[in-house]
Amino acid sequence: MDTVVRIRVLHESSSPVLNEIFARLQEINDRFNRHSEDSDIARVNRSAGKSSVRVADETYQLLSRAVKYYHLTNGAFNPVLGALADLWNISGAGEKRAEIPSDSDIHKVLKHCSPDFLQFKEGSVFLTSPEAVLDLGAVVKGYATDQVVQILKHHGARAAILDLGGNVYVYGEKPGGGNWRIGIADPFTEEHREALIIGGSDISCVTSGDYERFFIFEGKKYHHIFDEKTGYPVRGELASVTIISGNSEEADVLSTACFVLGENACLDLLKNWDAKAIFITKNREVRANTAILEQIEKESLEKGFSLQRVE
Ligand code: AMP
Ligand code: MG
């Protein structure tokens with residue numbers, strides 16, 4: 001998953017649990033990482049326009065759900081945006097670049113970014129356009145987090161904190177009592193200290209933002225979350241969206257989709273999916289609805305941010 005994973009588990013014998021968790025994460029990476037040569041996703045991408053590929057059942061299922069999410073989010077979450085991501089080639093470094101892709105290249109590539117090119121048949125998947133590229137980067141960490149939670153439940157672990165590259169899950173009862181405390185990154189400081197802290201238990205907290213991977217061209221920031229309607233990195237009022245939900249896969253899909261859609265256009269989605277959101281705008285407003293306001297530790301809000309209630 002190209003990311004750092006940190007896990008702490010409270011259990012009578014934690015090492016077998018941790019071993020099982022890391023073996024499972026390796027398996028998920030080996031199936032879903034499109035940059036890992038033999039993964040299901042890499043094999044489907046390599047056979048695009050040529051032939052269908054037999055994949056693991058979990059790959060088939062996650063891809064099927066990804067197409068469903070595409071329709072539910074009106075295209076804001078798009079699992080077939082890989083060709084666009086490759087064209088932009090956004091690295092993590094925030095370096096300066098001498099150029100950005102041309103509009104004509106963007107439009108050419110966009111024609112191949114539709115889930116309509118994805119065909120499913122009896123355990124096999126076929127990308128019908130030779131230039132279409134699957135990319136599950138916006139959902140797989142959430143999926144993996146839910147899988148780890150299943151393992152924790154299966155072993156009857158008492159408590160755990162999971163951090164899969166910023167997808168955080170707090171599980172069970174915090175030792176010593178009280179709520180777990182989860183920090184939400186400040187998008188504006190280089191080290192992304194916490195802008196605020198929320199409390200809770202058995203929740204996933206997933207953030208999508210414009211500060212995670214980007215480059216600068218002519219003084220403007222170009223980041224890694226794209227809008228299929230324009231072919232450009234999303235431009236809007238938001239610096240980040242954090243989704244809080246018991247289901248990490250849905251939180252991951254929603255964090256990306258809500259970042260693309262913007263606050264107003266995603267409110268119905270949030271209601272339908274029973275998820276809560278915290279929006280941090282580029283002018284340093286932390287916008288949260290009543291449901292999540294209670295979970296925010298008011299005194300934790302960093303200087304310079306204002307807290308606003310949204311409905
Ligand atoms: P996340 O950090 O969960 O928002 O996921 C961002 C990653 O998902 C990017 O690095 C791309 O690989 C991919 N991606 C970018 N834009 C989108 C989008 N609109 N829908 C789905 N995946 C995307
Ligand atoms: Mg996501």
Side-chain angles (χ1 to χ4, degrees), residues 1-4 29 32-36 39 41-42 45 62-63 65-94 101 106 109-110 113-115 118 132-146 163-169 184-185 187 192 204-215 222-236 238-245 247-262 265-266 269-270 273 275 277 279-280:
M1 283 172 277
D2 292 331
T3 195
V4 177
N29 182 67
F32 294 105
N33 184 349
R34 74 182 176 102
H35 302 294
S36 165
S39 71
I41 300 303
N45 284 340
L62 183 56
L63 278 173
R65 292 200 297 284
V67 174
K68 188 184 81 182
Y69 297 143
Y70 174 81
H71 295 292
L72 288 171
T73 62
N74 195 21
F77 168 87
N78 181 338
V80 194
L81 271 187
L84 188 68
D86 287 344
L87 179 70
W88 279 92
N89 185 26
I90 312 270
S91 63
I106 289 172
V109 161
L110 268 183
C113 290
S114 166
L118 201 48
V133 179
L134 292 175
D135 178 354
L136 293 182
V139 63
V140 82
K141 284 190 278 177
Y143 174 72
T145 301
D146 289 336
D163 180 351
L164 276 66
N167 273 44
V168 174
Y169 195 104
I184 298 183
H192 307 308
S204 186
C205 196
V206 181
T207 301
S208 288
D210 68 0
Y211 58 90
E212 294 167 305
R213 285 192 277 135
F214 62 94
F215 66 73
Y222 293 84
H223 61 83
H224 70 304
I225 302 176
F226 303 100
D227 185 344
E228 66 153 21
K229 309 244 174 339
T230 63
Y232 274 73
V234 173
R235 283 178 280 207
L238 296 176
S240 76
V241 179
T242 298
I243 304 290
I244 297 103
S245 160
N247 181 318
S248 192
E249 176 178 317
E250 290 186 0
D252 202 355
V253 169
L254 276 178
S255 71
T256 310
C258 293
F259 190 79
V260 175
L261 291 168
C266 72
L269 258 188
L270 290 166
W273 294 33
F279 303 94
I280 301 186

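In listed order, ligands and their atoms are each counted from 1.
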Asker: Within the stated cut-off of 2.8 Å, is an N/O/S atom of Ser208 closer than that to the Mg ion (ligand 2)?
Answerer: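 Not a single backbone or side-chain N, O or S atom of Ser208 is under 2.8 Å from the Mg ion (ligand 2).
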Asker: May I ask you to check if any N/O/S atom from Ala251 comes under 2.8 Å of the Mg ion (ligand 2)?
Answerer: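 Checking the Mg ion (ligand 2) against Ala251, no N, O or S atom falls under 2.8 Å.
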Asker: Ignoring angles and geometry beyond distance, decide whether Ser255 reaches within less than 3.5 Å of ligand 1 through its nitrogen or oxygen atoms.
Answerer: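 No - when backbone and side-chain N and O of Ser255 are compared with those of ligand 1, no distance drops under 3.5 Å.
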Asker: For the residue pair Trp273 and Leu72, establish whether any side-chain heavy-atom pair is separated by less than 4.5 Å.
Answerer: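 The answer is yes, as the side chains (C-beta and beyond) meet within the 4.5 Å cut-off.
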Asker: Is any side-chain heavy atom of Leu134 closer than 4.5 Å to a side-chain heavy atom of Arg34?
Answerer: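 Heavy-atom side-chain distance check fails, nothing below 4.5 Å.
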Asker: For ligand 1, which part of Ile225 has a heavy atom less than 4.0 Å away: the side chain, the backbone, both, or neither?
Answerer: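 Both backbone and side chain.
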Asker: Touching ligand 1 at all, Arg213? Heavy atoms, strictly under 4.0 Å?
Answerer: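 Yes, that is the case, since the closest heavy atom of the residue is under 4.0 Å from the ligand.
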Asker: What protein heavy atom sits nearest atom 20 (N) of ligand 1, and how far off is it?
Answerer: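 For this ligand atom, the closest protein heavy atom is Asn78 N, 2.9 Å.
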Asker: What atoms of ligand 1 come closer than 4.0 angstrom to any heavy atom of Ala76?
Answerer: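 Atoms satisfying the 4.0 Å criterion: 18 (C), 19 (N), 20 (N).
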Asker: May I ask you to identify the nearest protein heavy atom to atom 1 (P) of ligand 1, giving residue, atom name and distance to one decimal place in Å?
Answerer: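 I find the closest protein heavy atom is Thr256 OG1, 3.4 Å.
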Asker: Just jot down the ligand 1 atoms closer than 4.0 angstrom to any heavy atom of Phe77, in number order.
Answerer: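 So the atoms of ligand 1 that pass are 20 (N), 21 (C).
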Asker: For atom 2 (O) of ligand 1, which protein heavy atom lies nearest, and how many Å away is it?
Answerer: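 The answer is His224 NE2, 3.7 Å.
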Asker: What heavy-atom pair brings Ile244 and Cys205 nearest, and what distance separates the two atoms?
Answerer: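 The answer is CG1-SG, 4.1 Å.
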Asker: With the side chain counted from C-beta on, respond yes when Asn45 and Ile41 share a heavy-atom pair under 4.5 Å apart, and no when they do not.
Answerer: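 Touching, per the 4.5 Å side-chain cut-off.
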Asker: Measure Ala257 to ligand 1 on non-hydrogen atoms and call it side chain, backbone, both or neither using the 4.0 Å cut-off.
Answerer: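 For Ala257, no heavy atom sits under 4.0 Å from ligand 1.
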Asker: Can you tell me how far apart CZ (Phe77) and CG (Leu269) are? Round to the nearest 0.5 Å.
Answerer: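 Going from CZ on Phe77 over to CG on Leu269, the span is 12.5 Å.
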Asker: Out of curiosity, is Gly166 lining ligand 1, as in a heavy atom under 4.0 Å away?
Answerer: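 No, that is not the case, since the closest heavy atom of the residue is not under 4.0 Å from the ligand.
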Asker: Going by the order shown, which atoms of ligand 1 are within less than 4.0 Å of some heavy atom of Asp135?
Answerer: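 Going through ligand 1 atom by atom, the ones under 4.0 Å from Asp135 are 11 (C), 12 (O), 13 (C).
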Asker: How close do Trp88 and Gly231 get, counting heavy atoms only, and between which atoms?
Answerer: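 Distance-wise, the nearest heavy atoms are NE1-O, 2.9 Å.
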Asker: Any idea which protein heavy atom is nearest atom 22 (N) of ligand 1, and the distance to it?
Answerer: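 Going atom by atom, the protein heavy atom closest to atom 22 (N) of ligand 1 ends up being Ala138 CB, 3.3 Å.
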Asker: Using 30° and 60° as the class limits, which term best fits the ring planes of Tyr143 and Phe32: parallel, tilted or perpendicular?
Answerer: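 Rings of Tyr143 and Phe32: perpendicular, as their planes differ by over 60°.
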Asker: If you take the nearest heavy atom of each of Val139, Val80, Leu81, Asp252, which one is closest to atom 17 (C) of ligand 1?
Answerer: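 Ranked by closest heavy atom to atom 17 (C) of ligand 1, first place is Leu81.
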Asker: What pair of heavy atoms forms the shortest contact from Asn167 to Ser248, and how long is it?
Answerer: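 Closest approach of Asn167 to Ser248, heavy atoms only: ND2-OG, 3.9 Å.
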Asker: Are the side chains of Asp227 and Tyr232 in touch, meaning some heavy atoms are under 4.5 Å apart?
Answerer: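 Not touching, per the 4.5 Å side-chain cut-off.
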Asker: Looking only at protein heavy atoms, which one is nearest to atom 16 (N) of ligand 1, and how far off is it?
Answerer: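 Answer for atom 16 (N) of ligand 1: Phe226 N, 3.0 Å.
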Asker: At under 4.0 Å between heavy atoms, which part of Ala85 makes contact with ligand 1: side chain, backbone, both or neither?
Answerer: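 The answer is neither; Ala85 stays 4.0 Å or more away.
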